[in-house]
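Encoded as structure tokens, the structure appears first; notes follow it.
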Amino acid sequence: MNKTVLTFALTFLSLASFSQTLKFGKFEESELSLSEVPFEPDAPAVILATQGSSKFGSGLLETSNFVRIKILAEAGKEYADVRVRYYSGDSNTESINRVKAQTTNFVDGKEEVTKVSGDGIFTVDLADGYKEMRITFPNVQVGSIIEYQYSKFDKNLTFIDGWTFQNEIPTLYSKYEINIPESLDYRSIGQGENFSTNVEKTDEYGNYGWILRDLRSVKEEPYMKNYRDYVDRIEFQLARYKTNSTTSGIGWEDVLNTWEVLGDEVISIYSQNGYYRSNPIEKEFLDVDLSGATEAETAEKAYYYVRDNFKIVGEDWIYPEQNLNQLLKSKVGSPLEVMLTLMGVLKSVGIACEPVLIGSKGYGRSNLVPFPFLNQFDEVLLLAVLDGKPQFIDLSLSDAPFGYVDLDKHVKGGLYLAEKESKLIPIEIQHNSNTVYYSQVAINEEGELVMKSSHRNYMYRGLNLSHRIESIQKNQESLETLFKKNAAVVYEDFKVENELQEKDHLTLSFQMKYPESHNKDMLLFNPIKFSNFSENPFTQEYRIFPVDFGYAFSETYNTMISVPEGYEVDDYPLEESIAIPGGYVQFIYSSKLLGNNLNISGRLVVNNPLIPASEYPNLKYFMESVASKLAEPVVLKKKSEPIPSI
């Protein structure tokens, strides 16, 4: 995706830079003696200190960067290969120079410094206008301290990237400062739990600074893929700047300071590329029958026609790279371009439909900021009114039925685009993405224990399963690969009923045989064989980020056991009910024995899909309890033969 630059007329005085407090080779005693990070002792390397200092001058923003890293273990040597990505584009929008780097080792208490030579610092061209500055440090050992600094120049003064405090490895000290001249008025946007609670701020004569200390590394955690939404960071957007007119004197010029202005700016880009013109759409779709008994039926027809006749390539983004005429000719476009085309189709048949800008999960915003920051948006939805009801529409899932929206777009709100009336709106996408597991257990004619199972997965769970099944079948593999290997179990008679488009569910049916159970005196088996939580996914001692299940859902389990002739129930799981404070999740388990029939049922419900890290200990214990309960077996034993009387 390309980095868009909004330009404006601006003149201001160049300001003298303020010096960095960190210097090459000037170490604290605590840095020299550090051998492990107290709050993360397994870390292979640590950022001892990092600092950024930004200043304006000559139509550019210059940011001086300094980083100091210590290698703590062999695995930490990978951090001696540094890569810094930036957007150059066609006009050097961003550039990097003044690069300096060195390795410091300590031999018999003496410092040995190895400077990085010219061939160890180089630039690589990437795709779409991006470049990468790379540094390869020499002579790196366990205990080495590596340092590098560089200056980054940015022509885009409307949006300032700011600073990310948290990193892939622990960070002991991170500081960012910026000097903003009085002729510019910027709005800052901070993010992250540490930033909101522990940041040290300075604000004096246009000099602003933020410091964070002792930050844990950004590690992979179960049920969290949107790390960027929660990482400690700060960025800026220009709100207004001073002007000096010969007629009106000194005044202020606003820049994207209202939602209406921001919306009109984006709409103008779409209009310039033809996506608000009706003639090309009406001509292209003249012979296509989109008529339906209701607006919903018409919209559904239009959705499937566009989805099946246009090829979507590239990334989701809020700016088009080709105009409408080019798209209609090639039938190939980005998700945005194809969705704007669908918008035009719906409008051409009299259906109200407008775009909605959103910040997708993982783009960097856990919540929208109530100030018109354009940088908090990266993707688009359509909002149509069908038969008087609002309907969000998304085409970025190429095989999804009408009404499905990419889960990364299930966010709290977005910017509804309407000329002179753009505004923030809540986004509520209702769906019933649950799973129902049903099983019957009996003994077949050969005396083997058999479990016949049916798994019905609704909406997004069904769509996910359909993708997995499609991949397995494409590789000509057995659907048995959906489950863990078990030498004692034989899977057979698989049947898939994909009714997602018609009924919003997919059903997978099959049966399991236990050949070794033949004529056994005791039969032991798990009555609830299938669940996404039969093993506890949360095993870490602590949690940095919230747990994000993606959406609210439930799993329902129901197993009917016919006790075979000659057997009796020796043991079975007892009833149980578990929940955690706040009502985030709950679990109910019950069992009933009526004659020769044993019914085992259960239900796991995730009421709130986003669970704060502070609740992690409770959630961990809850999931341990659930996994333990789901693992409890049913035991059947042969009835004892009566002792004959003498």
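Between Lys409 and Asp316 there is a salt bridge, with a side-chain nitrogen of the basic residue lying less than 4.0 Å from a carboxylate oxygen of the acidic one. A salt bridge links Arg213 to Glu200: one of the charged nitrogens lies within less than 4.0 Å of a carboxylate oxygen. Looking at Lys637 and Asp570, a side-chain N of the basic residue comes within less than 4.0 Å of a carboxylate O on the acidic one, giving a salt bridge. Lys389 has no carboxylate O lying under 4.0 Å from a charged side-chain N of Glu295, or vice versa, which leaves the two without a salt bridge. Salt bridge Glu235/Arg233: present, at least one basic N to carboxylate O contact under 4.0 Å. Using a 4.0 Å cut-off between a side-chain N of Lys or Arg and a carboxylate O of Asp or Glu, Lys225 and Glu220 do not qualify as a salt bridge.
Counting only distance, with no hydrogens or angles, the side chain of Thr294 and the backbone of Glu297 share a donor-acceptor pair below 3.5 Å. Remark: the backbone N or O of Lys361 is not paired with any side-chain donor or acceptor of Asp229 at under 3.5 angstrom.
For the pairing with Thr507, the side chain to side chain donor-acceptor pair (under 3.5 Å) check across Glu497, Arg456, His455 returns one residue only, Arg456.
Less than 6.0 angstrom separates the ring centroid of Phe483 from the ring centroid of Phe510.
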Check residues 619-630 and write down every donor-acceptor pair under 3.5 Å in which the side-chain atom is one partner and the other belongs to a residue at least two apart or another chain.
residue: Lys620; atom: NZ; partner: Gln540; partner atom: O; Å: 3.4
residue: Ser625; atom: OG; partner: Tyr621; partner atom: O; Å: 3.0
residue: Lys629; atom: NZ; partner: Leu574; partner atom: O; Å: 2.6
residue: Lys629; atom: NZ; partner: Glu632; partner atom: OE1; Å: 3.2

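Under a cut-off of 6.0 angstrom, the local environment of CD in Glu477 is crowded, with over 12 non-hydrogen atoms contributed by other residues, nucleotides or ligands. Counted within 6.0 Å of CD on Glu502, heavy atoms from surrounding residues, nucleotides or ligands total more than 12; the atom is thus considered enclosed. Within 6.0 Å of the NZ atom in Lys638, the count of heavy atoms belonging to other residues, nucleotides or ligands exceeds 12.
Identified under the side-chain hydrogen bond (donor to acceptor under 3.5 Å, both in side chains) test for residues 523-534, with sequence neighbours left out: Ser531-Glu555, Ser531-Tyr557, Asn532-Glu555.
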